[in-house]
Amino acid sequence: MKTYTNFIAGQWLASASNKTFKVHNPAKSSELVAEFQASQLADVTSAVDAAAKAFENWSTIPAPMRGMYLAKAAGILRRRRDEAANQLTREEGKPITEARGETDRAIALLDFYAGQASLLTGQTVPSTVPNRFLYTTRSPLGPIALITPWNFPIAIPIWKAAPALICGNTIVLKPAEQAPASACLFAEILEEAGLPKGVFNLVTGGGEVGAALVNDARIRCISFTGSVEVGKKIMQQAGPRLVRIGLEMGGKNPHIVMDDADLDRAAADVVYGAFSAAGHKCTAASRAIVIDKVHDAFVEKLKARIAAFKAGDTMDPQTQLCPLLDETQMKKTLEYVAIGQQEGAKLLAGGHRLTDAPFSEGWYVSPALFTEVKPTMRIAQEEIFGPVLAVIRAKDLNEAITIANGVEFGLSAGISTTNLKTSMEFTRRIEAGVIHVNNPTAGLELQVPFGGLKNSTSGYREMGTAAIDFFSQVKTVYVDG
C-alpha cells in the first residue's frame, strides 16, 4: 500500500496537517488502494506560492518548447499505460477496457496539445490608418486552479492541464478525494518529463482544500468539473474577484428514439450511453424518449440488452457491469430507484444491489430500467449519476424535443433516426452543447469543443482549440511607423 504526498515546487511533501485519508477499491471495499494527504490551508498556500513564483519564467518560455514537455510526458504515459489503467480501475472501479480507453485518451490529449503549442498564433489585421501594423497576440492568465472529478481521474486533469500549460500558465491541481491516485501518477509523469519546478503542483484533500484554492487572490483562473451546487459556490466565492471561471457541471441527457430508427442499433446506443461505467458520466443517457409507435418494441430490445450486460471482475476485458464509486453513490442510486417507484414509474428490470459472490464486497447495482415515466418525475428531472434509465413516451418529434428540453441541464443529447430532416430539426432545437445523431450520448472526440448549455456550464468550452481560448487572453497591438 502506497502513501502519496503532495507535489509542490517539484517536491513530494507531506501535508502540514500530518493526516491522511484512505481510498478503497469500489469492486472490493476491503482492498486498500492507497493513502493520501488530508491537506489544509497551509499546503494550498505553499502550492500557490510555488505556482506564482514559477509563472514569471514559465510564461516567457516559447510555446513550442513548452509543448516539448507535453510530448515527452505523452511518451512516458504511453510507457506506463498498463500501470495507469490498472490503477485507474482499482481506485475508480470502471472496467479495465474503459480504463485503458481513458488512458489512451489522456495520451492523445498530451500529443494533441503538444502539437498545438506551435500554433498559438494571433492575427494580423488590415488597419484603416496608413503605415500602421495591427495585430493580436496571446498571453497567459497566471496561476490557475484546476478542480477535477473522480469519474475520469486521469483524462480530465490532463484535458485541463495540457492546454493551460502550453498557454504559459502555472497550475495547482486539486483532484477529487475519492480517486486521486491517477492525478498523482500524472504529477510523477510531469516530474519525469523535466517540467520546471513549481509549474505544476498537486494538493489532495476534501472540499476545504478546493475552497482555499478558490479563495486565494493570486489564482487568476479556475476550471472546475463537478456538481451544480459546488459550481455555484465557486462562482459566488471567486466571481467578485473577476477571475475567469470555467464550470462543467451536471447533465440529464436525453436520447430520442424515432419510429424510423434502426431499433437494434438504437438500443445498443442507449444501453451503452446509460450503463457503461455504471452511469458515472456527465454525458450518460438517463432519459430515453421514445415515439409511441415503437415504444413497446424498443423497450423489449432494451430489456434483452440489459439482461446480457456482462458482470464480472473489473480486470476482465469482457466485463461491462462495474461497481459504483462507493457506498454513498450506491445508496444515492438505490434511493432514486425507490423514489421512481413511489412516484408511480414501473421498474421493469434491475435496480437492486448485487450481493452474491464475487460482488458482495463491492458497490454493485444492477442496471435499472424504468417505464411509465412522466417528464415531471424526479427520476426524469434530477441527475442521479448512476445506472438508472427512465423511458418516456412521446407522440412525435415536437413533443419529444419539448420533453428533452424540459430540464435545468443542457449537456449532451442524442437521437436515433434515419431521416435527415428529422436530425437537422433536432440539432437546431435541442438545448444541449453536445449533440449525437445515431450514436451514444456518452462519447467525445478531443479535437472539438466540449461543454453544455443552461445549468450544465458557465459558458466556456473545454478541449479542442476552445481550451486554448479559455486558458489565454488576447492582446491587441497597434504599431505606427
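Remember, it's a predicted structure, so these values are computed and weren't measured experimentally.
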From CA spacing to verdict: salt bridge (charged side-chain N to carboxylate O under 4.0 Å, His left out), Glu192, Arg79: CA-CA 12 Å; Glu192 185 178 345; Arg79 187 187 78 230; 2.8 Å; yes
Contacts of type ring pair (Phe, Tyr, Trp, His ring centres under 6.0 Å), residue Tyr364, not counting sequence neighbours: Phe359
Minimum heavy-atom distance between Val214 and Ala238, given as atom pair plus value: CG1-CB, 3.8 Å
Salt bridge (charged side-chain N to carboxylate O under 4.0 Å, His left out) between Glu408 and Lys252, worked out: CA-CA 8 Å; Glu408 64 172 305; Lys252 192 65 180 174; over 6 Å; no
Charged N-O contact under 4.0 Å between Lys160 and Glu462: yes
Polar side chain donor-acceptor pair, Tyr336 to Glu382, under 3.5 angstrom: yes
Greater than 12 external heavy atoms within 6.0 Å of Lys53's NZ: no
Check against salt bridge (charged side-chain N to carboxylate O under 4.0 Å, His left out), Lys332 and Glu335: CA-CA 5 Å; Lys332 178 184 176 183; Glu335 285 172 4; over 6 Å; no
Ionic contact status for Arg78 with Asp104, cut-off 4.0 Å: no
Side-chain donor-acceptor pair present, Trp150, Glu177, cut-off under 3.5 Å: no
Check: Asp269 main-chain N/O paired with Asn439 side-chain donor or acceptor under 3.5 Å: no
Side-chain donor-acceptor pair present, His24, Ser30, cut-off under 3.5 Å: no
Donor-acceptor under 3.5 Å (Thr148 side chain, Pro157 main chain): no
Taking every non-hydrogen atom, the tightest pair across Pro175 and Pro180: CG-CB, 3.9 Å
Salt bridge (charged side-chain N to carboxylate O under 4.0 Å, His left out) partners of Arg138, counting only residues at least two apart: Asp469
Side-chain donor-acceptor contact under 3.5 Å, Ser29 with Glu361: no
Thr20 versus Glu35, side-chain donor and acceptor atoms under 3.5 Å: yes
More than 12 heavy atoms of other groups within 6.0 Å of Lys232 NZ: no
No-hydrogen, no-angle side-chain donor-acceptor test under 3.5 Å, Lys94 and Thr89: no
Ring pair (Phe, Tyr, Trp, His ring centres under 6.0 Å) contacts in which one or both residues fall within residues 104-128, not counting sequence neighbours: none
Under 3.5 Å side-chain donor-acceptor pair for Ser39 and Asn6: yes
Short side-chain to backbone donor-acceptor contact, Gln473 and Pro140, under 3.5 Å: yes
Enclosure of Met235 CE (heavy-atom neighbours >12, cutoff 6.0 Å): yes
Donor-acceptor under 3.5 Å (Asn405 side chain, Glu431 main chain): yes
Worked check of salt bridge (charged side-chain N to carboxylate O under 4.0 Å, His left out) between Lys331 and Glu327: CA-CA 6 Å; Lys331 287 182 175 179; Glu327 186 176 16; 3.4 Å; yes
Test item: side-chain donor near acceptor, Gln37 and Ser15, under 3.5 Å: no
Ionic contact status for Arg241 with Asp216, cut-off 4.0 Å: no
Glu188/Lys2 salt bridge by N-O under 4.0 Å criterion: yes
Within 6.0 Å of CG in Asn131, more than 12 heavy atoms from elsewhere: no
